[in-house]
2 protein chains.
Amino acid sequence: MANMDSTAPSSPRDTSCPVHLNKQMQLLHTARNTASFEPFELACLIYGGADVVGNRRAALERVETLIGTRDTSQIPRSYANMNREQAYDEGLEWGKAAFEDGIRFKHDFFAFVTPRFQLVNSSPFGMNTVMFEPAIRLSASAEQQAKWLPLSKSGKIIGAYVQTELGHGSFVRGIETTATWDSDTDEFVLHSPSTTSTKFWPGALGFSCTHGIVVARLIIRSKDYGPHLFMVQLRSLDDGRPLPGVELGDVGLKMSYNATCNGFATFHQVRIPRTDMLMGHASVSHDGTYEGSSHFTQLSYSTMVMVRAIIVKNVVFQLAQAVTIAARYSTVRTQGMGPNGLASAETCLIMYQSQRLRILTLTAKAYAILFASRTCDAEYDALRKQQANGDHTSLPYVHALSSGLKVWTTQTAADGAEDARKCCGGQGYLAISGLPEIVASVTAATTFEGENYVLCQQVGRYLFKCIDQLMQGKPIDYRMAYLAAGYQKWFAASFAASSGANITPCMAFGKEFLDPNTQLSIYRHRALRTVFKAYTAVRSSTKPPLDAWNENMMSIISAARAHTEYMALSFYIKHVQSLPTATSPALTTVMARLCSLFALSNIINPQTLDAISFVEDTHLSSAQLDTIRGLVNELLDQLAPELIALTDAWDFTDASLCSALGMYDGNVYENVMNWIRQIPMNKRAWEENKGVYQPGWKDWIEPVLKAKL
Amino acid sequence: MANMDSTAPSSPRDTSCPVHLNKQMQLLHTARNTASFEPFELACLIYGGADVVGNRRAALERVETLIGTRDTSQIPRSYANMNREQAYDEGLEWGKAAFEDGIRFKHDFFAFVTPRFQLVNSSPFGMNTVMFEPAIRLSASAEQQAKWLPLSKSGKIIGAYVQTELGHGSFVRGIETTATWDSDTDEFVLHSPSTTSTKFWPGALGFSCTHGIVVARLIIRSKDYGPHLFMVQLRSLDDGRPLPGVELGDVGLKMSYNATCNGFATFHQVRIPRTDMLMGHASVSHDGTYEGSSHFTQLSYSTMVMVRAIIVKNVVFQLAQAVTIAARYSTVRTQGMGPNGLASAETCLIMYQSQRLRILTLTAKAYAILFASRTCDAEYDALRKQQANGDHTSLPYVHALSSGLKVWTTQTAADGAEDARKCCGGQGYLAISGLPEIVASVTAATTFEGENYVLCQQVGRYLFKCIDQLMQGKPIDYRMAYLAAGYQKWFAASFAASSGANITPCMAFGKEFLDPNTQLSIYRHRALRTVFKAYTAVRSSTKPPLDAWNENMMSIISAARAHTEYMALSFYIKHVQSLPTATSPALTTVMARLCSLFALSNIINPQTLDAISFVEDTHLSSAQLDTIRGLVNELLDQLAPELIALTDAWDFTDASLCSALGMYDGNVYENVMNWIRQIPMNKRAWEENKGVYQPGWKDWIEPVLKAKL
Ligand SMILES: Cc1cc2nc3c(=O)[nH]c(=O)nc-3n(C[C@H](O)[C@H](O)[C@H](O)COP(=O)(O)OP(=O)(O)OC[C@H]3O[C@@H](n4cnc5c(N)ncnc54)[C@H](O)[C@@H]3O)c2cc1C
Ligand SMILES: Cc1cc2nc3c(=O)[nH]c(=O)nc-3n(C[C@H](O)[C@H](O)[C@H](O)COP(=O)(O)OP(=O)(O)OC[C@H]3O[C@@H](n4cnc5c(N)ncnc54)[C@H](O)[C@@H]3O)c2cc1C
C-alpha cells in the first residue's frame with residue numbers, strides 16, 4: 001500500500017532493502033540503487049539548492065495535508081467520480097490552499113504551478129500571479145500599480161486576463177470589443193458588438209474572478225486607436241454578482257483544466273472610469289487627448305516574452321511527471337520473454353530497447369527543457385533591466401528566442417507525455433494512472449499564448465530580418481553570431497542559389513560524435529542550411545510576397561525549428577559544462593551522457609520532427625548515421641541504471657503525481673486495485689446490491705435480455 | 001442555428017445559396033460548391049452503393065431520433081455535465097437502441113460501430129458482435145456454436161471477451177487464471193491465484209455482461225496445457241447478481257470509452273461444466289483426456305486477424321470525423337491578415353499553406369486507410385474460405401498484413417486526429433468541439449488488440465522468415481513478390497553487408513513523381529533497403545540472438561513500418577486505378593490527386609515518422625525532394641476546392657459528429673454559444689443566483705477576499 005510519507009529521502013540514501021517487499025516493490029527498490037549518484041544532489045540542482053528543496057517539500061506537505069491528498073491510500077476524488085461542478089469546487093479548494101500558503105510562508109512554489117504542477121488542477125486563483133499582476137506591472141502607470149498590485153497579491157481582488165474573443169485569438173488586432181470614451185461623463189463604455197466579440201477562454205473568468213484586464217479597441221471621437229488594456233470590475237465584491245451589463249459564464253468541459261472556470265463574457269454598455277485604462281505606455285487625458293509611447297508595441301511584446309518563459313518552465317514538470325510515472329511502471333512491470341521471446345524468464349519493460357529509447361530520450365528532453373528555460377529566464381531578466389533603462393535593443397532576440405522555445409518545448413512535452421502514456425500500455429489509458437490528465441493538460445500549451453504555427457513564423461520573420469541586416473552589412477544581435485558566421489561562409493562563398501544546398505560533409509567518425517562540439521556543428525549546419533534555403537526561396541521568388549511566403553511556409557517553419565533546436569542544444573551543453581564546482585563526478589558524467597543522448601537520439605529517432613533536414617543534403621552519411629545509432633544504444637545502456645534516480649530527482653510527491661502506476665513504492669498492482677475498489681459505482685453496487693449496478697440493469701439490460709425481437 | 005435534418009443532400013446538389021446565411025454559413029456554402037464532383041457519388045463509393053447510403057441514413061435517423069440526439073440545438077448530454085454513472089447510463093441507452101435497430105431492420109451498420117462511430121459512446125452491448133461471437137465462431141465446436149450464437153445474436157445473453165489480466169496483456173502466455181479439471185465432478189474450477197491474475201479491461205465486464213469467454217490456463221491432473229477459452233456465466237440472468245465466487249466491477253474513468261464498463265473480475269473456485277470449454281480445436285473428454293488440434297495456434301491467430309481488420313475499418317471513420325470538423329471549421333474561421341500578414345482582409349484558416357497541408361494530407365490518409373481496410377477485409381475473407389478447406393498457408397501473410405496495417409492505421413489516425421484538433425486552435429480544446437473525445441478514443445487503438453511496438457516486431461519476424469526462406473531457395477507467399485524480386489537484386493548482387501547500403505538513386509524528375517509507379521518504386525526501395533539492412537544486422541551479429549534482436553529493435557521496427565507503408569500505398573493506388581467504370585471523370589481525377597498527395601507528402605512532411613529512411617542512402621537527392629515539395633504544393637492548390645466535398649462524402653450526421661464546430665451549416669459561433677449557455681452550471685447560476693455559482697463563491701472565494709493574510 002502506498003506510503004503516507006513517500007517523498008524521496010534526502011541524502012544519505014537508504015540502500016538497505018526493507019523486508020516484506022513484494023516483487024514489484026523489490027524491483028523498484030533495486031533499480032533505485034543502481035544509480036551512480038544521489039538523486040538529492042540532482043534535486044538541489046533542479047530546484048536551486050538544498051534549502052529550496054526542503055522548503056518546497058514542507059510547503060507541499062502543508063498544502064497536501066490541508067486539502068487531504070496526502071493519504072494516497074484513498075482514491076483521489078477526481079478519479080472516483082466528478083462532474084463539472086465538483087471539478088471546479090476542488091480547484092477552488094486547492095487554489096485557495098496554495099495561494100494562502102504562499103502568502104503566509106512567503107514563497108512562490110505555487111505561484112505559477114499548483115500543488116499538482118498544473119496537473120488535474122489549475123487554480124482559479126492562479127491568474128493573479130501568472131497574468132494579471134504581470135500585465136499590471138508591464139502596462140499600468142506607477143500610480144495604478146501602487147493601487148492594484150497590493151490588492152491582487154493579497155487576494156483582495158481576483159483577476160483574469162481577458163483578451164481572446166470567440167472570433168479572435170491568434171490575431172489580436174482583430175478583436176472587436178470596444179471601449180468608447182464618453183466625453184460627457186469622462187468614462188469608457190465597454191461593449192460587445194457581435195457574437196464573435198464575446199470574450200472567450202480567459203482562466204477564472206466564468207465564476208471566480210472579480211476583476212479583469214480587458215483588451216478592447218480604444219475609440220475616441222469615432223477614431224479607432226486599436227486594442228488597449230482596461231481594468232474592469234466584473235463582479236460585486238459583496239455578493240459575487242456580475243455588475244450590470246456584464247454577462248459571465250463557464251465555457252464548459254475542456255480536455256483538461258476543468259478545475260478552473262475558463263469563461264466567456266459579454267459587455268452591454270458597461271461604464272468604467274477613464275482612469276481605469278492601463279496608462280503605463282498610452283494615456284487618455286480628461287479632454288480625450290490620446291498619447292501613446294513609441295515603445296507601446298515593444299512593451300506588449302515584453303508581456304508575451306514573460307508569459308512564454310513561464311510556459312517553458314511549466315512544461316518541464318508536466319513532461320517530467322509523465323516520464324516519472326512511465327519510468328517507474330516500466331521498471332516494475334514484467335511482460336513477455338524478453339526481446340524476440342528469447343529470455344528464460346519474464347522481462348521488465350525497460351529491458352526492451354524500444355522502451356528504453358522512448359523513456360530515456362524523454363528524460364533527456366525534460367532536462368533539455370529545464371536548461372533551456374534557465375537561459376530563457378536569464379535573458380528575460382537581463383532584458384527587463386535594460387528596458388528599465390530605456391534600452392529595447394535586446395527585445396527582438398529575446399522575443400524570437402522565447403517564441404521558438406515555447407513552440408519547441410510545448411510540442412516536445414506534449415508529444416513526449418503522450419508517448420510516455422503509451423509506454424504504460426493499457427494501464428496508461430486509465431484515469432488513475434494520472435497520465436491522461438497530464439497529456440490533456442500539456443497539449444493545451446501548444447495552442448495558448450501564441451499558437452505554435454503562428455509563433456514559428458514569427459521566429460522565421462526574425463531570422464529573415466537578421467539576414468536582411470547582414471545583407472546590408474549591418475551587425476546583428478551578438479547572440480546570433482552563428483548566423484553571422486554562417487552568412488560569411490554560405491552566402492559570401494558560393495551559395496548554390498537554386499537548390500539551397502551547400503554540401504559540406506560532416507567529417508566526424510566513431511566516438512567523435514560524443515563530442516559536444518561535433519554535435520553542435522551538426523545542429524548548426526542544419527540550422528544554417530534550412531534558414532538560408534528558406535530565405536533564398538522567399539526572397540528570390542518572382543511571386544507576390546504573400547504567395548512567396550505561403551508557398552514556402554513549411555520551409556520557414558522547418559528553419560525556425562532547426563534554429564531553435566540548435567539554440568536549445570547549445571544551452572543544454574553550456575549548462576552541463578558549467579555545473580556548480582561541487583557537483584559530484586558521477587552526476588557530472590551522467591548529465592553529460594544525458595545531453596549526448598539528447599543530441600544524438602534526436603537525429604535518428606523515428607519520431608523526430610523533420611529529421612530529414614539533418615540528412616537530406618548528405619551532411620551525414622548512412623554510415624555516420626549507423627555510428628550514431630550505435631552510440632545511442634551504448635548511451636542507453638549506460639544510462640538505464642540511472643533512470644530511476646534521474647526521475648526521483650524531480651522530487652514529486654505521490655500526492656502531486658496522483659498516479660496509481662507511479663507511486664514511489666512501486667506497488668503498482670495493489671495500488672491500482674485498492675483505488676478501483678473505492679470507486680463509488682463499485683462500492684455502491686457491492687454494498688447495496690450484491691454487485692449489481694441497479695439503474696443500468698433495470699432500465700436497459702433486463703429489457704434487452706427479455707425482449708422478443 | 002443547427003438544422004434538425006442536416007444530412008448532406010443526395011444528388012443533384014442544391015447549389016443555390018439560401019438567403020439569410022451569416023458570414024460563416026456563407027463561407028461553408030461557397031466552399032461546398034467549389035468541388036468538381038458530387039459528394040454523394042463518393043459517399044456511395046465509401047459505403048458501397050446508393051442503397052447502402054440510404055439505408056444507413058434511415059437507420060441513423062431512427063436511432064438518433066429514439067435516443068434524442070437529432071435535435072442538435074440541444075447541447076449533447078455528455079458535454080453538459082456527466083459523471084461516471086451518467087456516462088454509462090447513456091452508453092446503455094444508445095447501445096440498446098443501436099443493437100435492437102440492427103436486429104429489427106436486419107443491418108449491421110452499428111455492429112462494429114455505434115451511432116457515433118465509437119465516438120463518445122462505445123456500447124456495452126457491442127462486444128457480442130465484435131469479439132464474443134467471432135470467438136465462438138472460431139473456437140467453439142459446431143454444437144456449441146449452435147447453442148450460443150443464437151443467444152448472443154438475439155441479446156438473450158450479453159458477452160464479454162475476458163482475456164487480459166492486471167499483470168498480463170501483450171503476453172498472453174503469461175496469464176495466471178486457472179481452469180482446473182475436477183475428476184470427481186467432471187467440472188472445471190476457475191480460480192484467480194493472485195492480484196495480478198485479476199481479469200482487467202474487458203469491455204462490458206464491469207456491470208453489463210452476463211457471460212464471458214474467459215481465457216484461463218487449462219490444468220488437468222496437475223499438468224498445465226496453457227491458455228484455453230471457457231464460456232463462463234458471470235451474472236444471474238434473473239437479477240444480474242454476480243454468480244457465487246465471482247467478483248465483478250468497473251475499472252473506473254478512462255481517457256474515453258466511458259460509456260461502457262470496462263471491468264475487472266476475480267474468480268474464487270468457480271465451477272463450470274466441462275462441456276463449457278470451447279472445444280472447436282481442443283477438447284477434454286469426460287475421463288480427462290486432452291486432445292489439441294495441430295492448428296490450435298493458427299486458429300487463435302485467425303481471431304486476431306479478424307479483430308485487427310475491424311479496428312482498421314473503425315479508425316477510418318474516427319479520423320474522418322476529426323478531419324471533417326477541422327475542414328469545416330478551417331473554412332469558416334477567419335484569422336489574421338493572410339500569410340505573413342500581407343493580405344488586405346482577414347483570411348480563412350484554410351488559406352494558410354501549413355493548415356492546408358495538415359488538413360488535406362489527413363484527408364488523403366483517411367482515404368488511404370479506407371482502401372487499405374478494403375484489401376485487408378478481402379484477404380481475410382479469402383483466408384477464411386481457404387481455412388475452411390483446411391488450407392492455412394495464407395495465414396502468416398494475412399496475419400503480418402493485418403498486424404502491420406493495424407499499427408500503421410491506428411498510429412496514423414491517432415496522430416492525425418490530434419493534429420486535426422490542434423488545427424482548430426483554442427476551440428479544439430473545448431469538449432463541445434467533439435475533438436477531445438475523438439482523439440482520446442482513437443489513441444486507445446494503438447494499445448489494444450496487440451500493442452503497436454509488439455505487433456511491429458511480429459511483422460519484422462515475418463519479414464525475416466521470408467528472407468530465411470529465400471536464402472534457402474524456397475518460395476515465399478506470392479503477395480510478397482516484391483521482396484523476392486528485391487532479394488535477387490539486393491542480396492544475390494553485391495549487398496554491402498557492412499553498411500547495408502546499396503545506392504541506386506531514383507532517376508525520376510519533375511512531374512514523373514506524380515506517376516504512381518515512381519511513387520511505388522520509392523516506397524519499395526525504402527522497404528527493401530530497411531528490411532534487408534535490419535535482417536543483415538541481426539543475422540550477422542556476433543552477439544547472442546536476444547541481444548542482437550534488442551540492439552537492432554529500432555531498425556526492425558523501421559523496416560516493418562516501411563514494408564507496411566509500401567503495401568498500403570500499393571493498395572491505395574490499386575483501388576484508385578480500379579474505381580467502378582461508372583465513376584465520373586471529375587471524381588476519378590480527384591481520387592488520383594489525393595493518392596499522389598498521400599504518397600508524396602508522406603516523404604517530405606515534417607511530421608512523418610521515420611522519414612529519414614526515405615533519404616539517408618541518398619536514393620532521393622535534395623533537388624528531388626524540392627521537386628516533390630513543389631508538387632505537393634501544386635496538389636494542395638488543386639485539391640483545396642474539393643476539401644469540403646471530400647469530407648461531406650463521409651456522410652456524417654450532425655448528431656454523430658456531435659461537434660459545435662463541425663456542423664453541416666457552418667454556423668460555428670452561434671452553435672458554440674447556444675450550447676454553452678445551456679450548460680447546467682451557467683443556467684443555474686443565472687436562473688437562480690443572478691450569475692453567481694453560489695457554492696464556490698460562499699465556500700472558497702469570499703473567504704479569500706475577506707481573509708486577513
Ligand atoms: C486552456 C486555455 C486557456 C486559455 N486562457 C486564456 C486566458 O487566460 N486569456 C485569454 O485571453 N485567452 C486565453 N486562451 C485563448 C488562447 O490564447 C487562444 O486560444 C490562442 O491564442 C490560440 O488562438 P485561436 O484559438 O484563435 O487559434 P487560431 O488562430 O484560430 O488557430 C487555429 C488554426 O489556424 C492556424 N493559423 C492561425 N493563424 C495562422 C497563420 N497566421 N499562419 C498559419 N496558420 C495559422 C493555426 O496554426 C491553427 O492550426 C486560452 C486557451 C486555452 C486553450
Ligand atoms: C480501451 C481498452 C479496451 C480493452 N478491451 C479489452 C477486452 O475487451 N478484452 C480484453 O481481454 N482486453 C481488453 N483490453 C486490454 C488490451 O488488450 C491490453 O491493454 C493490450 O493488449 C496491451 O497490453 P498491456 O496493457 O499488457 O501492455 P504492455 O504489454 O504492458 O505494454 C506496455 C509497454 O511495454 C512495451 N512492450 C511490451 N512488450 C514488449 C515487447 N515484447 N517488445 C517491446 N516492447 C514491449 C509496449 O510497447 C508498451 O510500451 C482493453 C484495453 C483498452 C485500453
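Proteins come first, then strands; the chains are lettered A, B, ... in the order of their sequence lines, and each starts at number 1.
Looking at B:Trp686, only its side chain comes within 4.5 Å of chain A, counting heavy atoms on both sides. At a 4.5 Å heavy-atom cutoff, the contact between B:Thr446 and chain A is made by side-chain atoms alone. Proximity to chain A (any heavy atom under 4.5 Å) is restricted, for B:Arg677, to the side chain, taken from C-beta onward. For a residue to count as touching a neighbouring chain, one of its non-hydrogen atoms must lie under 4.5 Å from one of that chain's; by this rule B:Glu93 touches chain A with backbone and side chain alike. Using a 4.5 Å cut-off between heavy atoms, B:Met255 touches chain A through backbone and side chain atoms alike. Of the atoms belonging to B:Arg241, heavy atoms from both backbone and side chain fall under 4.5 Å from chain A. Interface remark: B:Phe125 contributes side-chain atoms only to the contact with chain A (heavy atom separation under 4.5 Å).
Here B:Lys690 is the residue among B:Glu418, B:Lys690, B:Glu702 with the most heavy-atom pairs under 4.5 Å with chain A. Ranked by heavy-atom pairs under 4.5 Å with chain A, the list B:Thr447, B:Ile557, B:Thr334 is led by B:Thr447. Between chain B and the options A:His168, A:Glu247, A:Met553, the largest number of non-hydrogen pairs under 4.5 Å is found for A:His168.
Under the side chain to side chain contact (heavy atoms under 4.5 Å, CB included) criterion, A:Asp610 pairs with A:Arg526, A:Ser558, A:Arg561, A:Ile612, A:Ser613, B:Pro606, not counting sequence neighbours.
Using modelled atom types and a 3.5 Å distance limit, the side chains of A:Arg629 and B:Ser555 yield no donor-acceptor pair.
Side chains of A:Asp239 and B:Val692 form no contact here, defined as non-hydrogen atoms less than 4.5 Å apart. You'll find the side chain of B:Thr443 reaches within 4.5 Å of the side chain of A:Arg421, heavy atoms only.
Electrostatic pairing of B:Lys533 and A:Asp626 counts as a salt bridge here, judged by a charged N lying under 4.0 Å from a carboxylate O.
When each of B:Ile432, B:Ile679, B:Ile676 is tested with A:Val251 by the rule side chain to side chain contact (heavy atoms under 4.5 Å, CB included), just one qualifies, namely B:Ile676.
Close placement of the A:Tyr693 and B:Tyr88 rings is indicated, their centers lying within 6.0 Å of each other.
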